Amino acid sequence: MTDNKTPFSLSIEEIGTLLAPLGAKVTGSREEKAAIASLTADSRTVTEGGLFVAVNGAVRDGWEFLHTALEKRPALIVSEHQPTADEFAQIEAAGAVHIRISSSRLALAYLAAAFYGNPSEKLSLVAVTGTNGKTTTTTLLHRLFLSLGYKAGLIGTIENCINTDATPAQLTTPDPIALNKLLYEMVQAGCRYVFMEASSHAIDQDRIAGLHLAGALFTNLTRDHIDYHKTMDAYIAAKKKLFDNLPKEAFALVNRDDRHAEVMLQNCAAKAYSYALHSPATFNARIIERSLSGTLIQIDGEEVWTRLVGDFNAYNLLSAYATASLLLNAGEDTEERRKLLIALSALDHARGRFEVLLSDHCTAIVDFAHTPDALEKVLDTIDDLLPDGGRVITVVGAGGNRDKGKRPMMARAAFDRSTVLILTSDNPRTEEPNAIIAEMKDGLTDSEQRNVICITDRREAIRTAVALAHPEDVVLVAGKGHETYQEVNGVRCHFDDAEELRMVLDK
């Protein structure tokens, strides 16, 4: 986390009051009215007279860096620790005050919101969570509201946007300081609506605590991030926490076709709404026609042609329509709803989400599918749209230093739905790529493994797939989607699946 100066300031007295719900215990003799105008959770960026929150993180505890922070002579230290006599002497010598609280993560979130003037309260902020569909849904909503003439912001995996001004994203959901700073800048730019991806990590780590939400959307839930959450129950609980904390004036919108929808709504004070393709819901849709160039969908009795491909994108489109209807109070206003549908029909997919590349050589698709369920859905969609005599050639790997349990499941899902399967490297990070591929192959029988091509070099794997393809075939390159890098041994090198495919297809 980095230090962020802000036009706002708080006194020690105000901070103590703000943190009272966390059992704040203030020790020290500094003037309580003194203004504190900087906030950080990084000991290296503490400023003189500023505030340092020693966050007890997943890997390190910020309290370990107390000495580094005190060298900068901050006015205030916030932590979960009761200082020892020696530590307290160091704090006093630096002229600082210490506040002990029960949760450093919550403290940072509350303080960040307060330092930036609680910007979420000036916005209609919607958080979107789920295993799949977050990026596409938030991107659709952002583009939709811009096309309708509203000023709007986007916080997501690919990029953060203030109206049309986009910057690459570092995390799906930023840390509380960066997040509130971004929301503050959106307020300053005149944004009225903001659509934010809420990852399970961010929810669990209280990065979005202290924000005022107009609503929350649940897309679906399948196995993912078990390396972090350890169990599916913990993963589900993280998603549910978003809905548990919604205020009663907000809306809670869930995908009724997902079996976890009702779990999300348990103990939720917000007004509940639902959307579905196959179940009774507040908002329903029906797919009329499918093709590789788009989908014809009926929503609220109106037929809508969209360039988005696949049933999973029909869910994304419907969820965006439902969210917009709730935010704009479209209700029974037929004309208003028709305007939303017309605007939605003009929108395209998010980068790296079922991105179709057409050529005379073959059809190629780039998709972020990096879970077994997402891979199954993408391949099932391709199978439904495959020309007569066409084959599916799949290139896929699995990320290093992440959930190992899904690796054999990824290979199984791909093998069962592909004519040719090429296993390759994804982002191996600090793991050995060939070892990851071997773990993927464990999901197949010995005879099935003999029918799999293993090419560690992802560039060569993509070229091989295209070389094997015929005009009626579809080549799927899955797992990295929008990413423009490959991470090997902690080093990120430029690599873009779509770019690699275009170079081969254009030859």
Side-chain angles (χ1 to χ4, degrees), residues 124-141 144 156 172-173 193-204 208 211-225 229 232-287 297 299-300 308 310-331 337 340 344 371 373-374 377:
S124 289
L125 174 62
V126 177
V128 179
T129 197
T131 306
N132 303 309
K134 297 188 296 297
T135 298
T136 296
T137 301
T138 52
T139 300
L140 285 173
L141 281 163
L144 171 64
T172 296
T173 314
Y193 300 95
V194 177
F195 306 101
M196 174 180 69
E197 293 186 50
S199 68
S200 59
H201 293 69
I203 300 169
D204 180 65
I208 62 174
L211 298 184
H212 182 271
L213 296 178
L217 165 62
F218 168 72
T219 60
N220 51 59
L221 196 145
T222 58
R223 181 189 176 108
D224 200 12
H225 302 306
H229 294 288
M232 275 298 293
D233 284 345
Y235 180 45
I236 293 168
K239 298 292 189 185
K240 177 174 165 47
K241 183 177 176 181
L242 173 64
F243 293 86
D244 289 346
N245 293 331
L246 283 176
K248 63 180 181 181
E249 64 271 16
F251 67 81
L253 176 63
V254 299
N255 175 5
R256 185 69 71 187
D257 287 339
D258 188 281
R259 63 191 181 92
H260 299 97
E262 291 305 317
V263 174
M264 297 298 139
L265 295 177
Q266 290 172 2
N267 304 315
C268 176
K271 189 170 183 181
Y273 298 89
S274 59
Y275 67 98
L277 297 183
H278 306 295
S279 309
T282 316
F283 300 91
N284 279 101
R286 180 172 65 89
I287 297 175
I297 310 173
I299 300 177
D300 274 353
L308 301 179
D311 290 15
F312 55 91
N313 269 323
Y315 280 105
N316 295 332
L317 192 79
L318 178 59
S319 67
Y321 168 75
T323 301
S325 297
L326 293 171
L327 284 174
L328 299 175
N329 298 310
R337 293 190 321 223
L340 289 177
L344 277 168
T371 66
D373 178 72
K377 284 184 168 64

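Note that the structure is predicted; figures quoted are calculated from it, not measured.
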Please report the closest heavy-atom contact between [X] and [Y], naming both atoms and the distance.
X: Leu253; Y: Ala322; result: CD2-CB, 3.7 Å
X: Ala270; Y: Ala250; result: CB-O, 3.3 Å
X: Asn132; Y: Ala374; result: OD1-CB, 3.5 Å
X: Ser279; Y: Asn284; result: O-ND2, 2.8 Å
X: Ala324; Y: Leu141; result: N-CD2, 4.1 Å

Could you state the interatomic distance from [atom1] ([X]) to [atom2] ([Y]), rounded to the nearest 0.5 Å?
X: Lys134; Y: Ser319; atom1: NZ; atom2: OG; result: 12.5 Å
X: Thr219; Y: Asn316; atom1: OG1; atom2: CG; result: 7.5 Å
X: Leu217; Y: Thr129; atom1: CG; atom2: OG1; result: 9.0 Å
X: Ile208; Y: Glu197; atom1: CD1; atom2: CD; result: 12.0 Å
X: Thr131; Y: Tyr235; atom1: OG1; atom2: OH; result: 3.0 Å
X: Leu277; Y: Asn255; atom1: CG; atom2: CG; result: 7.5 Å

(request) Please name all residues satisfying side chain to side chain contact (heavy atoms under 4.5 Å, CB included) with Ala127, sequence neighbours left out, ordered by chain then number. (result) Met196, Ala198, Leu213, Leu242

(request) Compute whether any side-chain donor of one residue and acceptor of the other, for Asp300 and Tyr321, lie under 3.5 angstrom apart. (result) yes

(request) Taking atom types as modelled, find out whether Asp257 and Tyr315 have a side-chain donor-acceptor pair closer than 3.5 angstrom. (result) yes

Are [X] and [Y] close enough that some pair of their side-chain heavy atoms sits under 4.5 Å apart?
X: Glu249; Y: His212; value: yes
X: Val254; Y: His260; value: no
X: Asp311; Y: Lys377; value: no
X: Val128; Y: Phe218; value: no

Return yes if some donor-acceptor pair links the side-chain N/O of [X] with the main-chain N/O of [Y] below 3.5 Å, else return no.
X: Ser274; Y: Thr282; answer: yes
X: Thr173; Y: Ser199; answer: yes
X: Lys240; Y: Val263; answer: yes
X: Asn220; Y: Gly133; answer: no
X: Asp204; Y: Ser200; answer: no

(request) Could you go through the side-chain contact (heavy atoms from CB on, under 4.5 Å) check for Asp373 and Phe312 one step at a time? (result) CA-CA 11 Å; Asp373 178 72; Phe312 55 91; over 6 Å; no

(request) Let me see the working for Gln266 and Phe243 under side-chain contact (heavy atoms from CB on, under 4.5 Å), right down to the final yes or no. (result) CA-CA 8 Å; Gln266 290 172 2; Phe243 293 86; over 6 Å; no

(request) Verify side-chain contact (heavy atoms from CB on, under 4.5 Å) between Leu221 and Met264, making sure each step is shown before the conclusion. (result) CA-CA 10 Å; Leu221 196 145; Met264 297 298 139; 4.1 Å; yes

(request) Decide side chain to side chain donor-acceptor pair (under 3.5 Å) for Thr323 and Tyr275; before the verdict, give the C-alpha distance in whole Å, the side-chain angles of both, and the deciding distance to 0.1 Å. (result) CA-CA 10 Å; Thr323 301; Tyr275 67 98; over 6 Å; no

(request) Check step by step if side-chain contact (heavy atoms from CB on, under 4.5 Å) holds for Ser325 and Leu340. (result) CA-CA 8 Å; Ser325 297; Leu340 289 177; 3.6 Å; yes

